[in-house]
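Below, chain A is the first sequence line, B the second, and so on; all start at residue 1.
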Protein chains: 2
Amino acid sequence: MEVKELKDKNAEVKILDAARKVFLEKGLAGARMQDIANEACLNKALLHYYYRSKEKLFQTIFQDALLNFFNNMQEIMNAPISLFEKIELLVAKEIDTMNSCHRLPIFIMNELTQDPDSCLMKMKNMEMHKLYAKFRDEVEAEVKKGRIKKVNPDHLFLNLLAMTGYPFIAKPVVQGLFELEEEGYSDFIEQHKKDVSRFIIDSLKP
Amino acid sequence: MEVKELKDKNAEVKILDAARKVFLEKGLAGARMQDIANEACLNKALLHYYYRSKEKLFQTIFQDALLNFFNNMQEIMNAPISLFEKIELLVAKEIDTMNSCHRLPIFIMNELTQDPDSCLMKMKNMEMHKLYAKFRDEVEAEVKKGRIKKVNPDHLFLNLLAMTGYPFIAKPVVQGLFELEEEGYSDFIEQHKKDVSRFIIDSLKP
DNA sequence: GTCTATAATTTGATAGAC
DNA sequence: GTCTATCAAATTATAGAC
């Protein structure tokens with residue numbers, strides 16, 4: 001690829017930002033190229049000029065969203081800290097990430113089940129299993145040492161992901177249940193962050 | 001409405017069954033009337049004859065899915081059983097419901113965020129808050145009696161929903177993390193059912 | 001009620017001027 | 001690179017025969 005002028009780069013970026021917003025909001029099937037063009041204050045033709053097709057543009061956005069979602073985990077998993085610290089960090093970081101974009105988790109989960117071919121392949125490329133292996137080994141080690149209760153690390157980890165992700169995935173349900181408007185919702189999430197860490201760590205104490 | 005002949009009723013029902021399957025799988029935006037017609041082994045025109053428009057057909061399916069999803073809860077909430085029994089029943093029943101249709105929770109959550117107008121109104125009509133109030137009061141009562149730890153019932157209930165719903169919502173991620181094929185997945189869910197009840201009830205013991 | 005054929009609209013994609 | 005105008009395909013919806 002050749003050196004790009006500033007204007008070129010700006011259009012490319014503007015399109016990506018607009019596409020991210022529209023795809024996150026509406027999903028692949030619901031998003032319209034015209035919506036993205038409007039959001040970017042450009043015309044449809046330019047979207048195709050830079051990204052060829054809706055599908056290609058979507059894949060760019062989706063890949064990026066996956067990284068955004070799972071990168072925190074990768075880092076924390078490999079950090080030289082205690083298991084309890086890892087749990088607290090995982091919960092806090094994941095919630096913060098989703099808090100900056102409430103639709104992120106449901107977007108990812110929904111698209112993953114829509115396109116098993118290309119999306120699931122990307123999951124395998126991220127080597128989810130290796131990402132998790134370190135956590136599992138540490139839990140098993142702590143169990144053997146008798147420092148925490150005997151738990152199944154698979155279910156423990158799934159529960160952690162569940163309690164951090166679900167409040168965003170089920171946002172309308174949560175708002176209905178607890179009668180929360182947009183502002184009260186933010187406060188609720190902040191409480192929840194602390195509650196989840198405490199909940200998990202409490203449950204591990206022998 | 002007049003008395004229907006058998007053949008009429010059959011077509012109506014065949015359409016509903018087909019629509020449920022296609023909408024659940026692809027969502028409102030991704031579903032095609034032609035797919036539904038094919039699935040029902042009928043022609044598109046009949047779908048419009050019975051349900052007027054795609055939107056109307058969808059609303060019928062969505063309303064039904066909402067009831068399916070939240071009806072269990074309603075019943076269990078009002079049953080004359082102990083708090084621990086309620087928790088066990090809620091977890092077991094909700095997981096069983098979703099196990100019969102893995103896409104049910106993500107379908108509901110996704111569509112709820114897509115159409116705040118009509119879908120969210122339906123949520124309010126179901127009076128989610130009242131559904132939950134009984135549970136909250138019971139938790140607070142048990143806390144006062146000192147029978148369970150001092151917990152925030154909102155987060156407790158949200159965590160319960162999270163741990164039951166997330167394994168289905170994030171099915172591809174779970175399969176990637178724990179290297180599960182379709183069969184191993186069913187077994188995993190059965191284990192999870194027991195694990196979640198134990199996890200919650202353990203966490204409540206003073 | 002059920003079908004075939006077709007209208008009407010939407011939407012992804014391209015051609016071609018600048 | 002960016003735009004306007006337009007095409008081609010897909011898709012919802014309807015008309016009308018049976």
Side-chain angles (χ1 to χ4, degrees), chain A residues 1-63 107 110-111 114-115 117-119, chain B residues 1-62 110-111 114-115 117-119:
Chain A
M1 220 175 270
E2 296 149 33
V3 179
K4 303 242 175 82
E5 296 163 24
L6 262 181
K7 223 176 182 183
D8 297 342
K9 207 180 171 186
N10 279 342
E12 256 188 275
V13 172
K14 269 158 89 178
I15 291 172
L16 277 187
D17 288 343
R20 187 170 7 256
K21 181 168 177 187
V22 175
F23 278 132
L24 259 289
E25 203 173 302
K26 311 258 193 181
L28 170 58
R32 297 290 159 250
M33 293 296 267
Q34 187 61 58
D35 296 341
I36 297 174
N38 292 344
E39 180 71 34
C41 299
L42 295 167
N43 54 78
K44 269 192 302 178
L46 262 204
L47 310 198
H48 288 95
Y49 175 78
Y50 280 111
Y51 297 95
R52 188 87 189 161
S53 70
K54 181 185 179 185
E55 181 63 30
K56 287 229 180 6
L57 179 53
F58 171 78
Q59 288 302 335
T60 307
I61 298 299
F62 186 73
Q63 178 78 42
F107 168 72
N110 201 44
E111 300 301 341
Q114 288 307 320
D115 187 350
D117 297 332
S118 74
C119 292
Chain B
M1 220 175 267
E2 298 147 32
V3 178
K4 301 241 174 85
E5 295 163 24
L6 263 182
K7 222 177 183 182
D8 297 341
K9 209 179 171 187
N10 280 342
E12 255 188 276
V13 172
K14 270 158 89 178
I15 292 171
L16 276 188
D17 289 343
R20 184 166 13 251
K21 181 169 176 187
V22 175
F23 279 132
L24 259 291
E25 203 172 301
K26 311 260 194 180
L28 170 58
R32 297 289 161 252
M33 292 296 266
Q34 187 61 59
D35 297 341
I36 297 173
N38 291 345
E39 181 71 33
C41 299
L42 296 167
N43 55 77
K44 272 189 302 179
L46 262 203
L47 309 197
H48 288 95
Y49 175 79
Y50 281 110
Y51 297 96
R52 189 86 190 161
S53 70
K54 181 185 177 184
E55 181 64 28
K56 287 230 179 10
L57 179 53
F58 172 78
Q59 289 301 336
T60 307
I61 298 299
F62 186 73
N110 201 43
E111 301 301 342
Q114 288 307 320
D115 186 351
D117 297 333
S118 73
C119 292

Sugar-phosphate atoms are those with a prime plus P, OP1 and OP2; base atoms are the rest. Using that split, label each nucleotide of nucleotides 3-18 of chain C B, S or - for protein heavy atoms under 4.0 Å, 5' to 3'. BB------SBBBB---

Determine whether A:L46 and A:K14 make a side-chain contact, defined as any pair of heavy atoms from C-beta on separated by less than 4.5 Å. no

A side-chain contact here means heavy atoms from C-beta on lying under 4.5 Å apart; do B:L42 and B:I36 qualify? no

Side chain to side chain contact (heavy atoms under 4.5 Å, CB included) evaluation trace for B:K26 with B:R32: CA-CA 9 Å; B:K26 311 260 194 180; B:R32 297 289 161 252; over 6 Å; no

Nearest 0.5 Å, please: how far is CG in A:D17 from CD1 in A:I61? 8.0 Å

Output for pair (B:Q114 CD, A:E25 CD), nearest 0.5 Å, gives 7.5 Å

When the distance from CD1 of A:I15 to C1' of D:dG1 is rounded to whole Å, what number comes out? 11 Å

